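Throughout, a chain's letter reflects where its sequence line sits, starting with A, and its residues are numbered from 1. Bear in mind that the values here come from a model prediction, so they are computed numbers and not experimental data. Note that these values count all heavy atoms, side chains included, but never hydrogens, waters or copies made by symmetry.
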Amino acid sequence: VTQLDLQYVAALARELDDDDLLHVGASQEDVWLAAKLARALWAPNLRVIAGCSYMLGAATVGPVPRTYARDLIAARSATFSQSHVFDDLRRPRVSFAGGLQVDERGNANLIGIYDEDDRPLLRGPGSGGLPVLTAHTPKFFIAVADHSPRVLVERVSRISVLGDARARARVGLPADALRAVITPLARFRPGADGLEVDELADGVSLDELAERTGFPVRTAASVASRPPLRETEIELLHQFSPPTVRSEQDAR
Amino acid sequence: VLDPRTAVADVAPGATVAIGGALNVGHPMALVRALLQASPGELVVVAGFGGLDVDIVVGSGAARRLIAAFVGAEGFPSLPPGIRWAVEGGQVETWDLDEGILFAALKARAQYLPYSTWHAGVGTSLAAGPLVESAVDPRTGSAYLKVDPLPIDVALLWAEAADRDGNVLRWGPDFGDDYFANAADRRVVQVERLVETEVLARHPDRVSAWQADAIVPAPLGTYPFGSNVLTEDLAWLESYSRRLHARRGESGGDFAAARALIAELLFLDGDEDAFLEGVGVRRLRELMA
């Protein structure tokens, strides 16, 4: 586990507020760790749905909540019904979407990558529930564990998650719901013409970022340095167990 | 009350088959294995948050179309290797949708609706899917989606227990399987135990009344996936994923090689117990602990 990985988890955590209801998706160990960090330090009331189980009150579970794990179900505070998961969209949940591709408008693609003749080059896992979780919520994020030009692209092949503010407004969704795209190297905020970098991880230059990003990097009015990890954060993250940062690299 | 082979014997070539469970848990693998042995072919496979069970069916060449919101495994990084092989090689057609659109399509089928309406997904590629028509409400000017009914011929599901009347004891979480059960013409439910109705009545909040048309007792039959009595075998799943991915390279993309490997890994030439016998008592006891 590198310092960048831990900084990345902490960067995800810092976006979470005490009154949020966070929906941790499948294979989101990094988001789960971020939730635990936030709850431990500044968001004790953060409500969490993880592994398709509700974590009521101060309830917590082991290091990595695989969805529907036996122990998790046995220890559940309340039963999560997948059949009713979208019945309460007026009670918005915060989520961190991922993607095979994320484009400079803030759209994410989990469906697949296609060539110019629309033939599939890489079949993805599918959009899951993210199109719903990111539709009516006033706040969601995109988390990209693999910051590379093949993931961060000018245009996605397919749109699973609509982050583009203007396109969202056209179809009647909260326009500014996408708050940030966060990677181990940087944080991008939506700007007038697309994503703008407003935070760089420790030791990462704008030149390096541009080299490792598949769309032209625009900068916000000011670009901050990602805050260094505090001792307490490092201790807690190690205590919570090292993250297995998501990656589709092996499968490609 | 049927055995797995009899339960799927009527699945016709080209049938639309929904498979329940989610990710690493709750998949009726005794039924899936029997289906692969029966090999009706040209199936339309439907899943919500499918696991590698769906990958196994598609990778074995049994499907002509995949309709799924998601297919994947948790616990190791991998994209579904059989689906990648089939889709990228042009062997299988996909209808891309998300969980919300899938549920809307199943609801329309279950409730005899000409279509159901849905809003999330507007503006995404999913709004252009075969089951979906983008529309604008003339009164409000709001964009929305019309979602066609999705007929399901057979739903293959798993539950903790059931009685002879088809009353089903859910584990707790439902994986979204209720939508499949409501939309399907026929519901086959694989269970860990066949019990008396009085046993179900002790857990009234977990009983789905008359939800099964056929019950298939198959203890530990979700293996390699998890259940109320079994932790999923991550080592098996990861090995499956790795070996199928490697076989694609070794075979030069010959899709028949996928079917051969899957048949070997699932002991498809053996009887109902052959798969679990191949896994062995020691491993099963580890996963039950």
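Chain A forms the most heavy-atom pairs under 4.5 Å with one residue out of B:Asp178, B:Leu102, B:Leu230, and that residue is B:Leu230. Listed options B:Thr94, B:Ile101, B:Leu97 were ranked by heavy-atom pairs under 4.5 angstrom with chain A; first place goes to B:Thr94. Your options are B:Asp96, B:Leu23, B:Asp177, and the one with the most heavy-atom pairs under 4.5 Å with chain A is B:Asp96. Counting heavy-atom pairs under 4.5 Å between each of A:Pro120, A:Gly128, A:Gly126, A:Gly124 and chain B puts A:Gly128 at the top.
Only the side chain of B:Phe103 comes within contact range of chain A, judged by heavy atoms closer than 4.5 Å. Neither the backbone nor the side chain of B:Ala128 comes within less than 4.5 Å of any heavy atom of chain A. Only the backbone of A:Leu121 comes within less than 4.5 Å of a heavy atom in chain B; its side chain stays farther off. Of the two parts of B:Leu234, only the side chain, counted from C-beta on, holds a non-hydrogen atom closer than 4.5 Å to a non-hydrogen atom of chain A. Contact of B:Asn24 with chain A is made through the side chain alone, with heavy-atom distances under 4.5 Å. Interface remark: B:Leu106 contributes no atoms to any contact with chain A (heavy atom separation under 4.5 Å). Neither the backbone nor the side chain of B:Val136 has a heavy atom closer than 4.5 Å to any heavy atom of chain A. Neither the backbone nor the side chain of B:Asp55 has a heavy atom closer than 4.5 Å to any heavy atom of chain A. Only the side chain of B:Val25 comes within less than 4.5 Å of a heavy atom of chain A; its backbone N, CA, C and O stay farther away. Looking at A:Val156, there are no atoms closer than 4.5 Å to chain B (heavy atoms on both sides), in backbone or side chain. For B:Asp98, the parts sitting under 4.5 Å from any heavy atom of chain A are the backbone and the side chain alike. Interface remark: B:Ser142 contributes no atoms to any contact with chain A (heavy atom separation under 4.5 Å).
Residues B:Arg248 and B:Phe255 fail the side-chain proximity criterion, which asks for heavy atoms closer than 4.5 Å.
Legend: residues meeting ring-ring contact (aromatic ring centres under 6.0 Å, His included) with B:Tyr144, ordered by chain and number and at least two apart, are absent.
There is no side-chain donor-acceptor pair under 3.5 Å between B:Asn182 and B:Gln111. Counted by atom type alone, A:Tyr68 and B:Glu74 present zero donor-acceptor pairs between their side chains at under 3.5 Å.
Of all residues spanning residues 85-93 of chain B, those with a heavy atom less than 4.5 Å away from chain A's heavy atoms are B:Val87, B:Glu88, arranged by number. Inspection of non-hydrogen atoms places A:Pro131, A:Val132, A:Ala135, A:His136 of residues 131-139 of chain A under 4.5 Å from chain B.
Counting only residues at least two apart or on different chains, the salt bridge (Lys or Arg N to Asp or Glu O under 4.0 Å) pairs with a member in residues 160-175 of chain A are A:Arg105-A:Asp164.
Heavy-atom minimum distance, B:Arg170 versus B:Asp205: NH2-O, 3.5 Å. The shortest heavy-atom contact between A:Ser127 and B:Leu126 is OG-CD1, 3.8 Å. Between A:Ala145 and A:Pro184, the shortest heavy-atom contact is O-CG, 3.2 Å.
From A:Asn107, atom CG reaches atom CD1 of A:Ile159 across 4.5 Å, with rounding to the nearest 0.5 Å. Atoms CG and OG1, from B:Asp137 and B:Thr117 in turn, are 9.5 Å apart once rounded to the nearest 0.5 Å. Note that CD1 of A:Ile182 is 10.0 Å distant from CD1 of A:Ile142, once rounded to the nearest 0.5 Å.
Between B:Asp233 and B:Arg283, at least one side-chain nitrogen of the basic residue sits less than 4.0 Å from a carboxylate oxygen of the acidic one, meeting the salt-bridge criterion. For the pair A:Asp20 and A:Arg93, the salt-bridge criterion is not met [side-chain N within less than 4.0 Å of a carboxylate O]. Residues B:Glu232 and A:Arg70 are not paired through a salt bridge, judged by the lack of any N-O separation under 4.0 Å between the basic side chain and the carboxylate.
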Chi angles and distances behind the side chain to side chain donor-acceptor pair (under 3.5 Å) call for A:Ser81, B:Asp174 = CA-CA 6 Å; A:Ser81 172; B:Asp174 70 347; 3.3 Å; yes
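Ring centroid separation for the pair A:Phe80 and B:Phe175 does not come in under the 6.0 Å cut-off.
Geometrically, A:Arg119 does not engage A:Tyr114 in a cation-pi contact defined by less than 6.0 Å to the ring centre and at most 45° from the axis.
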